[in-house]
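Source: prediction; values computed, not measured. Residue numbers count from 1 along this sequence.
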Amino acid sequence: MTDPQERAVVEAYLDAVGRLDLPAIEATFADDVELVLPYAPPGFPKVSRGRAAAMEVYPEGLMDPMDFSDYRIDALEGRPGEWVAEYTSNTRVLTTGRPYRNTYISRFSIRNGRITRLAEFFDPIVLVTALGLEVPTS
């Protein structure tokens, strides 16, 4: 049986990032949250531990609100507190004026109403090009 309050935490996080509401994002994180971005391009941390370090991943003035949408949120059967979400973004990088539209898959660990671990997977090439950088080729 899934816990609707845990799902609400996932939705609250996605809504907060979609609006780039930093206090609301921070409110979803446990003090010891671990934020994992396995495909983060150079210049972005792949792992941030603790609420303060995780919040540094959400810099002000880089992008317009992310406008996350198309949520699909599923509980992992047999794993209490574990959730997977798929969603998309539709925003603009302020420094380049370029659009940033990406697709994400994230795994959330929820304990006591807070996110204790978030692993977010996205296409880093989309981010790099929106930032106005070139993708190196071999």
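For the side chain to side chain donor-acceptor pair (under 3.5 Å) with Ser109, the lone residue among Glu34, Arg117, Glu82 that qualifies is Glu82. Looking at Arg19, Arg101, Arg92 one by one, the single match for salt bridge (charged side-chain N to carboxylate O under 4.0 Å, His left out) with Asp64 turns out to be Arg92.
Under a 3.5 Å cut-off, the side chain of Arg114 and the backbone N or O of Ala27 do form a donor-acceptor pair. Side chain of Thr103 to backbone of Thr88: no donor-acceptor contact under 3.5 angstrom is found.
A pairwise comparison of heavy atoms in Leu35 and Ala54 identifies CD2-O, 3.9 Å as the closest pair. Of all heavy-atom pairs between Gly132 and Thr96, the closest is N-CG2, 3.9 Å. What you find for Glu86 and Ile105 is that their closest heavy atoms are CG-CG1, 4.0 Å. What you find for Val17 and Phe68 is that their closest heavy atoms are CG1-CE1, 3.3 Å. Considering all non-hydrogen atoms of both residues, Pro99 and Ala130 come closest at O-CB, 3.5 Å. Nearest heavy atoms, Phe29 versus Arg51: O-NH2, 2.5 Å.
The structure places CD1 of Ile25 at 10.0 Å from CG of Leu14, a figure rounded to the nearest 0.5 Å. Rounded to the nearest 0.5 angstrom, Met63 CE and Leu20 CG are separated by 8.5 Å. To the nearest 0.5 angstrom, Ile73 atom CD1 is 4.5 Å from Glu11 atom CD. Between the OG1 atom of Thr28 and the CD1 atom of Ile115 there is a distance of 3.5 Å, given to the nearest 0.5 Å.
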For this session: Give the intermediate values and the outcome of side chain to side chain contact (heavy atoms under 4.5 Å, CB included) for residues Tyr71 and Asp15.
Result: CA-CA 10 Å; Tyr71 300 172; Asp15 290 346; 2.7 Å; yes
Problem set entry | Check against side chain to side chain contact (heavy atoms under 4.5 Å, CB included), Val93 and Leu131 | CA-CA 7 Å; Val93 176; Leu131 291 170; 3.9 Å; yes
Problem set entry | CA sep, side-chain torsions, deciding dist, call: Asn90, Ser69, side chain to side chain contact (heavy atoms under 4.5 Å, CB included) | CA-CA 8 Å; Asn90 183 13; Ser69 61; 6.0 Å; no
Exercise. Where do Met66 and Tyr87 land on the side chain to side chain contact (heavy atoms under 4.5 Å, CB included) test, with the steps shown first?
Worked result: CA-CA 11 Å; Met66 299 292 287; Tyr87 46 99; over 6 Å; no
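Between Ser89 and Tyr100, the side chains place no donor N or O within less than 3.5 Å of an acceptor N or O (distance only, hydrogens not considered).
With hydrophobic clusters built from ILVMFWY side chains whose heavy atoms lie under 4.5 angstrom apart, Phe44 does not share a cluster with Phe121. Val57 and Val33 fall within the same hydrophobic cluster, where Ile, Leu, Val, Met, Phe, Trp and Tyr residues are linked whenever their side-chain heavy atoms come under 4.5 Å apart, directly or through other members. Residues Ile110 and Val36 fall into different hydrophobic clusters, defined by Ile, Leu, Val, Met, Phe, Trp and Tyr side chains chained together at heavy-atom separations under 4.5 Å. Linking ILVMFWY residues whenever their side-chain heavy atoms come closer than 4.5 Å, directly or via other members, leaves Val10 and Val84 in distinct clusters. Under the 4.5 Å side-chain contact rule for hydrophobic residues, Leu62 and Leu127 share a cluster.
Tyr39 has its ring centre no less than 6.0 Å from the ring centre of Phe122.
Taking the six-membered ring where the residue is Trp, Phe108 and Tyr13 present perpendicular rings, their angle passing 60° and hence far from 30°.
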